[in-house]
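To keep things clear, I will list the structure first and then write my remarks on it.
These figures come from a predicted structure and were not determined experimentally.
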Amino acid sequence: MVSVQILFLVLVMAFSVSLYADLLKEGLAAYNSSNYSKAIYLWDEACNDGDLNACYNLAYMYATGKGVHYNEKKAAKLYTLGCDSGDLQACSNLGTLYENGTGGIKRDYYKSSRLYAKAYNGGNLDGCFNLAVTYYKGRGVNRDYKIAGELYQEACDKGHIRGCYNLAQMYRNGKGFYEDKSKAKALYAKACKMGSGDACSKYARLDDEGVR
């Protein structure tokens with residue numbers, strides 16, 4: 001599963017004297033109160049005024065169907081605005097739309113892999129994880145478990161819970177590496193502490209098997 005992230009909490013930390021800064025904050029307050037229709041209205045206004053952060057949030061709403069009917073085409077258009085302007089998270093999220101190929105978006109693994117690579121090369125953590133999945137599954141690139149493992153390791157080292165879990169799975173199953181249940185157990189433990197219930201279960205199973 002690819003990863004998608006939203007940046008609401010980061011957005012409101014930045015100070016701006018522009019009119020749409022208030023729209024962003026008001027939209028966040030509405031979102032946190034589950035008043036999604038109001039949040040969409042406010043972010044739409046700010047986006048139309050040229051605020052790319054508002055466009056990003058609006059894209060997320062259309063991509064996830066929060067407070068509005070799913071509209072992946074509109075989400076893709078809005079994410080493209082951000083990605084073309086250097087928003088790496090928008091690039092990664094846009095990649096997921098092309099990878100999934102739903103809602104009128106034609107599946108395009110080549111395009112999704114390039115968007116993930118762009119996000120990763122700019123230092124985006126979700127881009128790193130999503131690119132790892134791409135290499136693991138061979139979507140738009142030649143399947144390469146070694147590269148996938150290296151990217152999962154990098155994502156895990158930087159705190160990506162699924163990066164740790166997927167890397168553990170590779171060691172557990174001997175995919176791309178020699179089978180190493182001890183390493184897998186350590187990685188499951190790390191992901192478990194980060195909040196992965198599946199990792200906790202896998203850790204307990206290896207513990208029952210006597211793996212140290």
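Residues Trp43 and Tyr56 form no side-chain contact, since every pair of their non-hydrogen atoms from C-beta on lies 4.5 Å or further apart. Side-chain contact check for Asn71 versus Lys73: some heavy-atom pair is nearer than 4.5 Å. Proximity of Lys202 to Arg172: side-chain heavy atoms (C-beta onward) are nowhere separated by under 4.5 Å. Looking only at side-chain heavy atoms (C-beta outward), Phe129 and Arg162 come within less than 4.5 Å of each other. The shortest distance between side-chain heavy atoms of Ser85 and Asp87 does not fall below 4.5 Å. Considering only heavy atoms from C-beta on, Gln89 comes within 4.5 Å of Asp126 through its side chain. Residues Lys181 and Glu209 are in side-chain contact: their nearest non-hydrogen atoms beyond the backbone lie under 4.5 Å apart. Taking 4.5 Å as the limit, every side-chain heavy atom of Phe177 sits out of range of all side-chain heavy atoms of Lys183.
To the nearest 0.5 Å, the span separating CD on Glu72 from OG1 on Thr96 amounts to 9.5 Å. The CD atom of Glu45 lies 13.5 Å from the CD1 atom of Ile40; values are rounded to the nearest 0.5 Å. Note that NE2 of His160 and CG of Leu167 are 13.0 Å apart. Values are rounded to the nearest 0.5 Å. How far CG of Asn53 is from CG of Leu23: 12.5 Å, rounded to the nearest 0.5 Å. Between the NZ atom of Lys66 and the CE atom of Met61 there is a distance of 7.0 Å, given to the nearest 0.5 Å. Taken to the nearest 0.5 Å, the CG atom of Leu115 stands 10.5 Å off from the OH atom of Tyr110.
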N/O donor to acceptor pairs below 3.5 angstrom from side-chain atoms of residues 148-157, sequence neighbours left out:
unit_1, atom_1, unit_2, atom_2, d
Glu150, OE2, Lys146, NZ, 2.6
Tyr152, OH, Asn166, ND2, 3.1
Gln153, NE2, Asp157, OD1, 2.9
Glu154, OE1, Tyr120, OH, 2.8
Glu154, OE2, Lys158, NZ, 3.1

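Transitive grouping of hydrophobic side chains (ILVMFWY, heavy atoms separated by less than 4.5 Å) brings Tyr60 and Leu52 into a common cluster. With hydrophobic clusters built from ILVMFWY side chains whose heavy atoms lie under 4.5 angstrom apart, Leu187 does not share a cluster with Leu125. Using a 4.5 Å cut-off between side-chain heavy atoms of Ile, Leu, Val, Met, Phe, Trp and Tyr, with links allowed through other members, Leu97 and Tyr109 fall into different hydrophobic clusters.
Closest approach of Ala199 to Cys192, counting heavy atoms only: CB-N, 3.7 Å. Closest heavy-atom contact between Ala191 and Cys164: CB-CB, 4.0 Å. In terms of heavy atoms, Asn130 sits closest to Ser92 at ND2-OG, 2.9 Å. Heavy-atom minimum distance, Leu88 versus Gly123: CD1-N, 4.2 Å. Of all the heavy atoms in Ala168 and Ala184, the pair that sits closest is O-CB, 3.4 Å. The shortest non-hydrogen separation linking Ala39 to Ala30 is N-CB, 3.8 Å.
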What's the verdict on side chain to side chain contact (heavy atoms under 4.5 Å, CB included) for Asn35 and Ser37, showing C-alpha distance, side-chain angles and the deciding distance? CA-CA 6 Å; Asn35 191 346; Ser37 59; 3.3 Å; yes

Intermediate values then yes/no, side chain to side chain contact (heavy atoms under 4.5 Å, CB included), Arg107 and Tyr98: CA-CA 5 Å; Arg107 179 172 286 165; Tyr98 283 111; over 6 Å; no

Given side chain to side chain contact (heavy atoms under 4.5 Å, CB included), test Arg139 with Ser113 step by step and report yes or no. CA-CA 7 Å; Arg139 291 182 169 177; Ser113 66; over 6 Å; no

I would like to know whether Arg143 and Tyr136 meet side chain to side chain contact (heavy atoms under 4.5 Å, CB included); could you show each step before the answer? CA-CA 6 Å; Arg143 175 175 285 173; Tyr136 185 85; over 6 Å; no

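Under the 3.5 Å distance criterion, the side-chain polar atoms of Ser201 are matched with a main-chain donor or acceptor of Gly197.
Taking the six-membered ring for Trp, Tyr70 and Tyr62 have ring centres at least 6.0 Å apart.
Within 6.0 Å of the CG atom in Asn142, the count of heavy atoms belonging to other residues, nucleotides or ligands does not exceed 12. Sparse packing is recorded around OH of Tyr41, with 12 or fewer heavy atoms of other residues, nucleotides or ligands lying under 6.0 Å away.
Here Tyr165 sits in one hydrophobic cluster together with Tyr188, Tyr203, Leu206, Val211; the rule is ILVMFWY side chains under 4.5 Å apart, joined directly or through other members. Ile161 belongs to a hydrophobic cluster whose other members, connected by ILVMFWY side-chain contacts under 4.5 Å either directly or through intermediates, are Met194.
Inspection of the Tyr171 and Asp180 side chains reveals no N or O donor paired with an N or O acceptor under 3.5 Å.
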